[in-house]
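Below: one structure, written as structure tokens.
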Amino acid sequence: MNMPTNKRLLSGITPSGDGSLHIGNYLGAVRQFIELAKSNETYLMVADLHGLTTIQDKSQLQHNIETLVLNELALLKGFMTVEQFDRIIFFRQSDVLMHTECQSIINNVTPLGLLKRAHAYKDKLQKEVEEDDINVGLFSYPMLMAADILLYQADLVPVGKDQKQHIEITRDIAGHFNKIYKKNVFKLPEAFIPEEVAVVLGTDGQRKMSKSLGNVISMFESEDVIRKQVMGTFTDPTRKHATDPGHIEGNMVFTYLDFFGDPVKVAALKGQYKEGKVSDVEVKEYLFDSLMAYFGAARKAYDELKSNPQLVRDILARGQERALSIAIQTMTQVRNAIGVTTQYSFFDYPKPASGKTISIDEFARVELRVGKVLEATNKEGSEKLIRLVVDVGEEKPRTIFTGVRGFGYTSEDFSGKQFFFITNLAPRKMMNEESQGMILAVDGADTKPQFVSAEGMPVGAKIR
Ligand code: TYM
């Protein structure tokens with residue numbers, strides 16, 4: 001699988017179970033995340049609000065959140081340099097209020113059927129749970145997850161296969177929103193799921209590794225607990241004695257060793273196992289040792305973090321600040337797109353200094369036309385006036401005077417050129433001749449009038 005670079009990535013983990021992570025989470029999600037974080041902009045969040053669907057006991061939730069924070073930070077610190085770690089934006093979902101705001105807005109562009117097809121909800125129903133026993137939080141879980149991802153305009157979401165549908169729902173919602181509001185406010189994210197770890201099986205060798213199934217191998221438990229988990233791992237049920245030839249396929253100890261063992265040593269062990277030359281316990285001991293070595297630095301980081309709560313608080317505060325700055329930007333765009341803005345149409349604009357304003361209706365009565373100057377000459381006996389003979393699209397050209405010679409303009413500045421003219425003024429006498437309109441000028445910085453060119457426009461065209 002090609003590793004993307006220079007993208008924005010977001011992923012999250014729910015503090016479910018007891019909040020601790022297992023090697024399924026690591027292989028399925030965190031490992032990819034760590035690799036990707038080395039050459040992409042990455043956001044990793046503790047999805048504590050998602051935990052509320054199942055954990056409704058205050059101290060349990062707090063315990064889980066703390067455990068998950070420590071687990072995640074320990075993995076990041078254990079497998080990254082300090083500089084790499086510092087670049088990751090690690091935060092708690094509930095620390096950025098916009099997640100729930102965004103969820104509440106995108107609710108309105110999401111078809112009910114889309115959520116009814118979501119696996120988590122359908123699975124629950126199939127377990128013959130009554131609808132009344134399913135909370136709306138579980139039902140709208142994909143909405144909150146969509147908000148998590150869309151808020152940060154993530155390009156990629158590294159997750160295990162069980163989350164694939166959630167990313168598809170997120171894309172659908174983003175597409176609906178952009179279409180309804182005719183603006184590409186949300187980026188459509190893609191899932192990043194390497195095939196070989198899409199689903200990591202549990203120690204029973206049957207089902208996805210999952211806390212709730214009790215088939216996990218932990219990373220931060222005591223050595224005793226982890227040894228027990230390893231010793232209980234499914235191997236080859238056809239093998240009764242260590243001298244029987246054994247099978248590698250479907251043997252979970254070797255599956256895990258492929259990730260965590262030394263490849264040369266693992267290849268040798270596989271050969272011995274097939275020939276009945278090594279016992280299950282010996283292979284399991286090697287898996288245990290390999291896990292301890294592999295996660296050694298992370299386990300050390302875990303202990304350090306646990307004894308330094310201020311450091312953890314500082315990391316979270318920094319993450320919150322950085323996440324907020326992006327979430328605010330997105331929500332400003334969202335609010336503008338949907339019309340929840342502070343740009344009121346009855347806004348009181350400052351009045352011009354003269355204190356006098358004209359209404360739009362009054363202004364609309366001014367008739368402006370494109371005119372072509374057929375002839376420009378100085379008015380005899382005047383120091384200011386230039387006489388323009390102007391075609392404004394009528395049967396006969398009009399005579400229009402402009403008094404701008406004092407500003408340095410000459411008749412050549414007008415001759416043969418096109419400008420805008422006001423054509424519905426009462427004629428005005430100018431030194432015994434009638435001016436039948438007025439050329440449009442605007443004040444320049446030095447108050448020298450500037451004429452607005454209408455070159456290339458149809459002569460006689462009216463301005464609306
Ligand atoms: P969660 O907490 O259930 O799992 C965290 C990550 O671990 C992956 N995973 C596995 N991958 C392979 N094999 C396994 N046995 C295995 N068990 C778990 C999951 O696929 C996941 O990537 N809804 C999410 C959390 C979330 C989120 C988000 C993720 C909330 N908002 C935004 C990404 C983006 C969840 O409950 O994952």
Side-chain angles (χ1 to χ4, degrees), residues 8-34 36 42-55 64-65 67-69 71-72 75 89-94 96 99-100 102-103 118-121 123 137-138 140-171 173-174 187 189-219 252 255-256 259 323 327:
R8 186 179 284 177
L9 267 76
L10 177 130
S11 200
I13 304 184
T14 306
S16 51
D18 65 357
S20 67
L21 295 179
H22 49 72
I23 60 171
N25 298 127
Y26 172 72
L27 293 173
V30 183
R31 189 176 66 150
Q32 283 69 257
F33 187 87
I34 288 172
L36 291 163
T42 44
Y43 294 75
L44 182 59
M45 95 191 168
V46 173
D48 50 1
L49 295 174
H50 275 112
L52 289 171
T53 59
T54 52
I55 304 166
N64 285 15
I65 294 170
T67 306
L68 181 57
V69 166
N71 274 234
E72 291 193 74
L75 285 175
I89 298 160
F90 180 84
F91 65 102
R92 266 172 74 151
Q93 184 186 32
S94 61
V96 181
H99 288 251
T100 43
C102 186
Q103 179 192 17
H119 297 318
Y121 170 70
D123 289 354
L138 177 88
S140 68
Y141 189 104
M143 306 296 307
L144 182 56
M145 184 152 160
D148 297 340
I149 298 167
L150 298 178
L151 259 188
Y152 299 93
Q153 308 282 13
D155 301 296
L156 287 177
V157 186
V159 281
K161 202 170 183 171
D162 57 348
Q163 300 297 320
K164 189 166 181 243
Q165 193 195 30
H166 288 150
I167 318 297
E168 285 160 4
I169 292 175
T170 303
R171 288 174 63 87
I173 293 172
K187 183 170 267 174
E190 277 177 46
F192 182 83
I193 308 176
E195 205 37 57
E196 70 280 11
V197 287
V199 182
V200 178
L201 290 184
T203 51
D204 55 4
Q206 304 286 321
R207 293 165 302 175
K208 184 183 100 165
M209 184 175 287
S210 163
K211 261 266 139 66
S212 60
L213 299 171
N215 60 358
V216 306
I217 293 183
S218 311
M219 293 170 287
M252 293 315 295
T255 304
Y256 302 147
F259 292 112

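In what follows, every heavy atom counts, from backbone to side chain, and hydrogens, waters and symmetry copies are set aside. We count ligands from 1, going down the list as the structure has it; atoms in each ligand are counted the same way.
- By the 4.5 Å heavy-atom criterion applied to side chains, T203 and Y256 are counted as neighbours.
- Near I149, the atoms of ligand 1 lying under 4.0 angstrom from a non-hydrogen atom of the residue are 32 (C), 34 (C).
- Atoms of ligand 1 found under 4.0 Å from any heavy atom of A29, numbered from 1 in the order shown, are 6 (C), 7 (O), 22 (O).
- Among all protein heavy atoms, the one lying closest to atom 11 (N) of ligand 1 is G28 CA, 3.4 Å.
- Close to ligand 1: A198, with a non-hydrogen atom less than 4.0 angstrom away.
- By heavy-atom distance, the residue among Q163, H22, E72 lying nearest atom 24 (C) of ligand 1 is Q163.
- Of all protein heavy atoms, the one lying nearest to atom 23 (N) of ligand 1 is Y141 OH, 2.7 Å.
- Closest of all the heavy-atom pairs between S210 and H22 is CA-NE2, 4.1 Å.
- Remark: K211 NZ is packed, more than 12 non-hydrogen atoms of other residues, nucleotides or ligands lying under 6.0 Å away.
- A heavy-atom distance below 4.5 Å is found between the side chains of H50 and D148.
- The minimum heavy-atom distance linking V197 with R31 is given by the pair CG1-NH2, 3.8 Å.
- The V157 neighbourhood of ligand 1 comprises atoms 33 (C), 34 (C), with distances under 4.0 Å to a heavy atom of that residue.
- Ranking protein heavy atoms by distance to atom 19 (C) of ligand 1, first place goes to D162 OD1, 3.4 Å.
- The distance from ligand 1 to the heavy atoms of K208 drops below 4.0 Å at these ligand atoms: 14 (C), 15 (N).
- Heavy-atom minimum distance, L151 versus A327: CD2-O, 3.9 Å.
- In terms of protein heavy-atom proximity, atom 31 (N) of ligand 1 is closest to D148 OD2, 2.7 Å.
- Here the closest non-hydrogen pair linking K208 and N215 is O-ND2, 3.2 Å.
- Atom 13 (N) of ligand 1 has its closest protein heavy atom at V200 N, 2.8 Å.
- Ligand-side atoms of ligand 1 in range of I13: 2 (O), 5 (C), range being under 4.0 angstrom from any heavy atom.
- Contacts of V197 with ligand 1, taken as heavy-atom pairs under 4.0 Å, involve the backbone alone.
- Each of the following atoms of ligand 1 lies closer than 4.0 Å to a heavy atom of H50: 30 (C), 31 (N).
- In this structure, T14 and L68 approach most closely via the heavy-atom pair C-CD2, 3.7 Å.
- For M45, every heavy-atom contact with ligand 1 shorter than 4.0 Å involves the side chain, none the backbone.
- At least one side-chain heavy atom of K187 sits under 4.5 Å from a side-chain heavy atom of D155.
- Nearest protein heavy-atom contact of atom 25 (C) of ligand 1 is G12 O, 3.3 Å.
- Ring planes of F91 and Y43: perpendicular class, angle over 60° (limits at 30 and 60°).
- With a 4.0 Å cut-off on non-hydrogen atoms, M209 touches ligand 1 through its backbone as well as its side chain.
- The proximity of V199 to ligand 1, defined as any non-hydrogen pair under 4.0 Å, is limited to the backbone.
- Scanning both residues, I173 and A146, for their nearest heavy atoms gives CD1-CB, 3.9 Å.
- Regarding atom 9 (N) of ligand 1, its nearest protein heavy-atom neighbour is N25 ND2, 3.8 Å.
- With a 4.5 Å cut-off on side-chain heavy atoms, L75 and N71 do not count as touching.
- Close contacts of ligand 1 with A47, meaning ligand atoms under 4.0 Å from a residue heavy atom, involve 30 (C).
- The shortest contact between atom 22 (O) of ligand 1 and any protein heavy atom is with G160 N, 3.1 Å.
- You'll find the side chain of V46 reaches within 4.5 Å of the side chain of F90, heavy atoms only.
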